[in-house]
Enquirer: 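What follows is a single structure, and I will ask about it in a moment.
Reckoned from all heavy atoms, side chains included, excluding hydrogens, waters and symmetry mates.
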Amino acid sequence: MQAANMVERELEFRGISKEHLGMYFMELGAKQVTDSFPFVYEGEGWSGQILSEAEISFTVTFKVSAVQVRFRADKEKLLEDLIKKYRYKTTRIGG
């Protein structure tokens, strides 16, 4: 996918594994194109990248994953729609 003239946004998702986040890209119609960081998923007119995963400790026993995700799209409206659909998928975790 061409990077020229694309719009992009980076978000952090906590408490959701990189595997689940990758699955959400595929559920939205993307194909996985890499098998290591950054994990790249290509859709029609857009792409998603899982950039990194780290563990954040709130206390000695309470730890969660923090995953950096980049969204890119040909147009701002497509980017907004992609993020909206992706965020909806992340709200279904655990319930």
Side-chain angles (χ1 to χ4, degrees):
M1 173 177 278
Q2 295 286 346
N5 299 335
M6 296 195 78
V7 289
E8 69 178 53
R9 193 158 306 133
E10 286 188 24
L11 298 175
E12 181 178 84
F13 292 90
R14 292 187 178 181
I16 306 171
S17 71
K18 70 181 182 309
E19 291 80 13
H20 276 108
L21 293 170
M23 183 178 67
Y24 299 150
F25 280 126
M26 291 188 287
E27 288 177 359
L28 292 172
K31 300 268 191 260
Q32 185 173 349
V33 296
T34 64
D35 291 323
S36 61
F37 285 111
F39 293 91
V40 177
Y41 299 83
E42 298 263 336
E44 192 165 325
W46 62 271
S47 72
Q49 300 173 358
I50 298 175
L51 303 173
S52 65
E53 180 178 46
E55 187 176 79
I56 296 176
S57 299
F58 290 97
T59 67
V60 173
T61 57
F62 184 57
K63 301 173 183 181
V64 298
S65 65
V67 182
Q68 292 296 126
V69 178
R70 177 184 297 135
F71 301 85
R72 286 184 174 158
D74 292 341
K75 296 180 171 44
E76 183 68 34
K77 174 76 170 118
L78 180 59
L79 181 67
E80 290 172 12
D81 289 345
L82 171 64
I83 292 173
K84 181 179 178 180
K85 290 175 185 173
Y86 195 88
R87 281 183 184 258
Y88 178 75
K89 290 190 171 293
T90 65
T91 62
R92 296 187 292 172
I93 289 292

Enquirer: Between Tyr86 and Phe71, what is the ring plane arrangement, given parallel below 30°, perpendicular above 60°, and tilted in between?
Expert: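 Correct class here is perpendicular.
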Enquirer: For the atom pair OG1 (Thr90) and CZ (Phe13), what is the distance rounded to the nearest 0.5 Å?
Expert: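 Between atom OG1 of Thr90 and atom CZ of Phe13 there are 5.0 Å.
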Enquirer: Would you say the side-chain atoms of Ser65 pair up with the backbone N or O of Ile16, donor to acceptor, closer than 3.5 Å?
Expert: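 Side chain of Ser65 to backbone of Ile16, a donor-acceptor pair under 3.5 Å: yes, one is there.
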Enquirer: Is Val33 reachable from Phe39 through a run of I, L, V, M, F, W or Y residues, each pair having side-chain heavy atoms under 4.5 Å apart?
Expert: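 The answer is no; the residues belong to distinct hydrophobic clusters.
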Enquirer: Could you grab the distance from atom CZ of Phe37 to atom OG of Ser52, nearest 0.5 Å is fine?
Expert: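 Rounded to the nearest 0.5 Å, the CZ-OG separation comes out at 6.5 Å.
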Enquirer: Going from CD on Glu80 to CD on Glu76, what distance comes out if it is rounded to the nearest 0.5 angstrom?
Expert: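 Reported value, rounded in 0.5 Å steps: 4.5 Å.
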Enquirer: Once you measure the plane-to-plane angle for Tyr24 and His20, does it fall in the parallel (<30°), tilted (30-60°) or perpendicular (>60°) bin?
Expert: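 Plane angle between 30° and 60°, so tilted.
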Enquirer: What distance do Gln68 atom CD and Leu21 atom CG have between them, rounded to the nearest 0.5 Å?
Expert: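 Interatomic distance, Gln68 CD to Leu21 CG, rounded to 0.5 Å: 11.0 Å.
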Enquirer: What pair of heavy atoms forms the shortest contact from Val60 to Lys63, and how long is it?
Expert: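 Minimum heavy-atom contact is O-CE, 3.4 Å.
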Enquirer: Are any non-hydrogen side-chain atoms of Arg72 and Gln49 less than 4.5 angstrom apart?
Expert: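 With C-beta onward as the side chain, the pair touches.
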Enquirer: Decide yes or no on side chain to side chain contact (heavy atoms under 4.5 Å, CB included) for Val69 and Leu51, but give the supporting numbers first.
Expert: CA-CA 6 Å; Val69 178; Leu51 303 173; over 6 Å; no
Enquirer: Any idea which heavy atoms bring Gly22 and Tyr41 closest together, and the distance?
Expert: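 Closest approach of Gly22 to Tyr41, heavy atoms only: CA-OH, 3.3 Å.
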Enquirer: Going by an N to O cut-off under 4.0 Å, is there a salt bridge joining Asp81 and Lys85?
Expert: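 Salt bridge absent between Asp81 and Lys85.
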Enquirer: Just do the side chain to side chain contact (heavy atoms under 4.5 Å, CB included) check on Met6 and Asp74 with the steps written out, would you?
Expert: CA-CA 5 Å; Met6 296 195 78; Asp74 292 341; 3.6 Å; yes
Enquirer: Find the distance between CD (Glu53) and NZ (Lys18) and round it off to the nearest 0.5 Å.
Expert: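 Here the interatomic distance stands at 4.5 Å.
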Enquirer: Can you tell me how far the CG atom of Leu82 sits from the NZ atom of Lys84, to the nearest 0.5 Å?
Expert: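 That separation rounds to 12.5 Å.
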Enquirer: Arg9 vs Ile83, test: side chain to side chain contact (heavy atoms under 4.5 Å, CB included). Steps then yes/no.
Expert: CA-CA 9 Å; Arg9 193 158 306 133; Ile83 292 173; 3.6 Å; yes
Enquirer: Less than 4.5 Å apart, any side-chain heavy atom of Lys31 and any of Met26?
Expert: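 They are not in side-chain contact.
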Enquirer: With the threshold set at 4.0 Å, does a side-chain nitrogen-carboxylate oxygen contact exist between Glu10 and Arg70?
Expert: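 A salt bridge is present here (some side-chain N lies under 4.0 Å from a carboxylate O).
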Enquirer: How close do Glu44 and Leu78 get, counting heavy atoms only, and between which atoms?
Expert: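 Closest approach of Glu44 to Leu78, heavy atoms only: O-CD2, 4.1 Å.
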Enquirer: My understanding is that only one of Thr34, Val40, Val67 makes a side-chain contact (heavy atoms from CB on, under 4.5 Å) with Ile50; could you say which?
Expert: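 So the option named by the test is Val67.
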